[in-house]
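Working notes, structure below.
Worth saying up front: this structure is predicted, and the values here are computed from it rather than measured. Residue numbers begin at 1 in each chain, while the letters A, B, ... track the order of the sequences.
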Amino acid sequence: MGAGHRYGLRHRDDHGLRAATDWDAAAAAEPAPAALFDLDTEAAGPPDDIASALAEFGRQRAALEASDDHARLRLLLAAESAAALIAVEMRTAGLPWDAIEHDRLLTEILGARPAGGGMPVRMQQLADQVRTELRDPTASLDSQPKLLRSLHRIGILADSTSRWELVHYDHAVIEPLIQYKRLARLHAANGWGWLAEWVHDARFRPVYVPAGVVTGRWASSGGGALQIPRQLRPAVRADPGWALVVADVAQLEPRVLAAMSRDSALARAARGQDLYAGIVESGAVPTRAQAKVAILGAMYGATTGDSGRLLPALRRTYPRAMALVDDAARVGEQGGVVSTWLGRTSPTTSAGWRDTQAAAAEPDASGADEAQARRRAADRGRFTRNFVVQGTAAEWALVWLADLRTRLAAMDPVNEDRGAPASGPVFSTRPHLAFFLHDEIIVHTPLARADEVAEAVRDAAASAARLLFGRFPVDFPLDLRISQTAAKD
DNA sequence: GAAATGCGCGCG
DNA sequence: AAAGCGCGCGCATTTC
């Protein structure tokens, strides 16, 4: 848990405001290792008294004035400030969680829990079956090296025990083994132990870490809030008399790419619910599956396979969008810094990275030195390529969230007698954000406000698009439903 | 015996 | 069928 916090704090120091000023130079001059270890102490944490908070606020205001793009940074700061509040509010309110349903799902999938402890029935059956096929009644299934050796003994000469590799082998052990691994994962990560530790008073209360990811996305620390398996979503259940408004943006990142590159052809493809269908209609690629893999490849930097082969076609049809990501990759490869739409900058190169490049540039550099330098440059290029898109998508989502928070707060509370006490007094009488995951939100709301909330969610999305991209015509359609549970129907 | 590392897999 | 971005977590093993 502590480790997650430290990462979060470290990344938060990388935000765009500081990068846009000369603070970076001052920060870089400080002894870095000491600063890193200081993060474990109170002294290096965020301001915890009025005076230091005001001082930090003053520094931010001054830095903002000194920056050459006030409007965007101001928006980013406002969104981040709101996000910090929302993260704490969401933890306080909690995500309504039906422990009975969770237990029922676990029993259905894993089998009953033996009274005296031990492995659930269905898991145990699968484990027995796997050991039979391995012809080793004591085989260890949870130790990767031992399992790999067991597989080798029966002629499965895989290099790893990953599912994607195992599926290529035709052997009776494969199917039950993959099933076992699936169940073991659910049991270990979100089984009864997780339920007991993380769900209290019908609420799941994870620790959110706003801007915990370098790109500006949120991270979480404890509870695995950002990795709740879809299988368990039926356990997310509104209180009696309340509903969930669940909304996500379809294909947020390519839409953001269309807007920030002002690529009107891609924006045209993004008209309507399914961007990939729009790409097929444009004639760039023949099938929806290819459109998807091509777009992902463009944003992630694919070089081989189907995805890599489709990129030239994408470059012809969407030259502006592709130029934006290709430029970001080139800057990264050359050691430069890229920036999101609102001005969050990517991290600078590490000393190790620069050493590798310098070594390869020496006259006596070996072929291996050069190959390593090329590989690390390409790695960094893929990172910066993705950074601009992932980071700007995170900004869109933050603005959406922040705008929605204001709208929800303005709604009339309902009769307190109908409230949901588990969320505490503040959140028991009005709609409140209950969950956020990159491009998806869940609002917990009194039934009487559900339609109003749905409208607010849509209006907030429209606001976010306008605040970031002005009048540029790109759609951000929501998949929105009002329901008792967060499960997809 | 605690901390770091590798693996595998859940999420976007 | 796979590879190309960003994470957190649990477990087993290795290292200090």
Side-chain angles (χ1 to χ4, degrees), chain A residues 1-8 11 140-148 158-168 177-178 180-191 193-194 197-198 206-209 211-233 248-254 256-257 289-290 292-311 325 328-329 332 338 340 346-347 375 378-394 396-397 435-441:
Chain A
M1 218 205 271
H5 270 296
R6 284 198 296 278
Y7 290 134
H11 291 325
S140 167
L141 308 188
D142 300 319
S143 158
Q144 190 267 353
K146 289 177 185 167
L147 176 59
L148 195 58
D159 293 321
S160 79
T161 63
S162 299
R163 182 168 54 216
W164 62 264
E165 185 167 356
L166 294 181
V167 292
H168 296 302
L177 175 56
I178 288 173
Y180 171 83
K181 284 160 72 83
R182 212 174 57 87
L183 268 50
R185 162 79 191 193
L186 179 65
H187 186 242
N190 296 100
W194 181 91
E197 184 177 353
W198 287 100
V207 176
Y208 298 97
V209 186
V213 178
V214 273
T215 58
R217 275 185 172 186
W218 284 23
S220 70
S221 170
L226 276 42
Q227 305 137 256
I228 299 300
R230 304 196 74 83
Q231 276 177 306
L232 292 183
R233 293 186 62 125
D248 65 81
V249 194
Q251 305 125 5
L252 174 59
E253 289 186 358
V256 157
L257 174 58
Q290 285 173 313
K292 181 173 181 174
V293 81
I295 284 289
L296 290 177
M299 296 188 306
Y300 293 165
T303 52
T304 60
D306 272 3
S307 185
R309 276 192 293 279
L310 291 166
L311 292 193
V325 285
V338 296
T340 61
S346 64
R375 195 180 61 248
D379 287 348
R380 192 162 189 278
R382 285 193 304 278
F383 168 66
T384 51
R385 169 190 292 271
N386 185 249
F387 180 93
V388 294
V389 180
Q390 185 183 121
T392 302
W396 188 95
F435 193 66
F436 168 55
L437 178 55
H438 307 321
D439 60 1
E440 174 184 12
I441 53 127

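A stem is defined here as three or more consecutive Watson-Crick or G-U pairs, each with both distances under 3.5 Å; for DNA chain C these stems are B:1-12 with C:5-16.
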Atom pairs under 3.5 Å, N or O on each side, protein against nucleotides 13-16 of chain C: can you list them with distances?
{"residue": "C/dT13", "atom": "OP1", "partner": "A/Ser143", "partner atom": "OG", "Å": "2.9"}

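Comparing C/dG4, B/dC11, C/dG8 by their closest approach to the side chain of A/Thr304 singles out C/dG4. For A/Ser220, the listed nucleotide lying nearest its side chain is C/dG8; candidates were B/dC11, C/dG8, C/dC7. Minimum atom distance to the side chain of A/Val214 is reached by C/dC7, of the listed C/dC7, B/dC11, B/dG8. Closest to the A/Asp439 side chain, of the nucleotides B/dG12, C/dG6, B/dC11, is B/dG12. Of all nucleotides listed (B/dC9, C/dG6, C/dG8), C/dG8 comes nearest to the side chain of A/Gln227. Closest contact between the side chain of A/Ala188 and the listed nucleotides C/dC5, C/dG10, C/dA12 involves C/dG10. Between B/dG12, C/dC5, B/dC9, one nucleotide has an atom nearer to the side chain of A/Asn386 than all others, and that is C/dC5. Residue A/Phe383 places its side chain closer to C/dC5 than to any other of C/dG4, C/dC7, C/dC5. Nearest to the side-chain atoms of A/Arg185 among the listed nucleotides B/dC9, C/dA3, C/dC5 stands B/dC9.
Looking only at distances, a side-chain donor or acceptor of A/Glu165 sits under 3.5 Å from a matching main-chain atom of A/Asp159. For the pair A/Asn386 (side chain) and A/Met299 (backbone), a donor-acceptor distance under 3.5 Å is present.
Atoms OG1 and NZ, on A/Thr161 and A/Lys181 in that order, are 3.5 Å from each other to the nearest 0.5 Å. Remark: A/Arg182 CZ to A/Gln231 CD distance equals 5.0 Å, nearest 0.5 Å. The structure places CG of A/Leu186 at 10.5 Å from CH2 of A/Trp194, a figure rounded to the nearest 0.5 Å. Of the inter-residue distances, the one linking A/Lys146 atom NZ with A/Leu141 atom CG reads 11.0 Å to the nearest 0.5 angstrom. Taking CZ of A/Phe387 as the reference point, atom CZ of A/Arg380 lies at 10.0 Å (rounded to 0.5 Å). Between atom OH of residue A/Tyr300 and atom CD of residue A/Gln390 there is a gap of 7.5 Å, rounded to the nearest 0.5 Å.
Applying the 4.0 Å criterion to OP1 and OP2 of C/dG4, one finds that A/Thr303 has a side-chain N or O inside that range. Phosphate contact (OP1/OP2 of B/dG8, side-chain N/O of A/Thr161, threshold under 4.0 Å): present. Between A/Thr215 and C/dG6, a side-chain N or O to OP1/OP2 separation shorter than 4.0 Å is absent. At B/dG10, one or more side-chain N or O atoms of A/Arg163 fall inside 4.0 Å of OP1 or OP2 (strictly under the cut-off).
You'll find the side chain of A/Leu437 stays beyond 4.5 Å of the side chain of A/Ile228, heavy atoms only.
Closest-nucleotide positions on DNA chain C for A/Ala189 and A/Glu165 were compared, and the one nearer the 5' end corresponds to A/Glu165. Map A/Gly301 and A/Gly223 each onto its nearest nucleotide of DNA chain C; the residue landing nearer the 5' end is A/Gly301.
In this structure, A/Lys292 places its NZ atom 18 Å from P of C/dG4, rounding to the nearest Å. One can place CG of A/Leu257 at 21 Å from P of B/dG12, the figure rounded to the nearest angstrom. Spacing between atom CD1 of A/Ile295 and atom C1' of C/dG4 amounts to 14 Å, rounded to whole angstrom units. The CG-P distance, from A/Leu183 to B/dC9, rounds to 13 Å in whole Å. Going from atom CG of A/Leu296 over to atom P of C/dC5 covers 12 Å, rounded to whole Å. Atom-to-atom, CG of A/Asp142 to P of C/dC11 comes out at 9 Å; the value is rounded to the nearest Å. The separation between A/Arg380 atom CZ and C/dG6 atom P is 11 Å, rounded to whole Å. In this entry the distance linking CG of A/Asp159 with C1' of B/dC7 reads 14 Å, nearest Å.
The base of C/dA3 is not paired with the side chain of A/Asp306 by any donor and acceptor separated by under 3.5 Å. Under 3.5 Å, the side chain of A/Arg217 and the base of C/dC7 form no donor-acceptor pair of N or O atoms.
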- A/Arg382 vs A/Thr303, side chain to side chain contact (heavy atoms under 4.5 Å, CB included): CA-CA, chis, key distance, verdict: CA-CA 10 Å; A/Arg382 285 193 304 278; A/Thr303 52; 5.6 Å; no
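In this structure, A/Leu186 reaches neither bases nor backbone, as no heavy-atom distance under 4.0 Å exists between it and the strands shown.
Look at A/Arg230 and A/Glu440 and you find no salt bridge, because none of the NZ, NE, NH1 or NH2 atoms lies under 4.0 Å from a carboxylate O.
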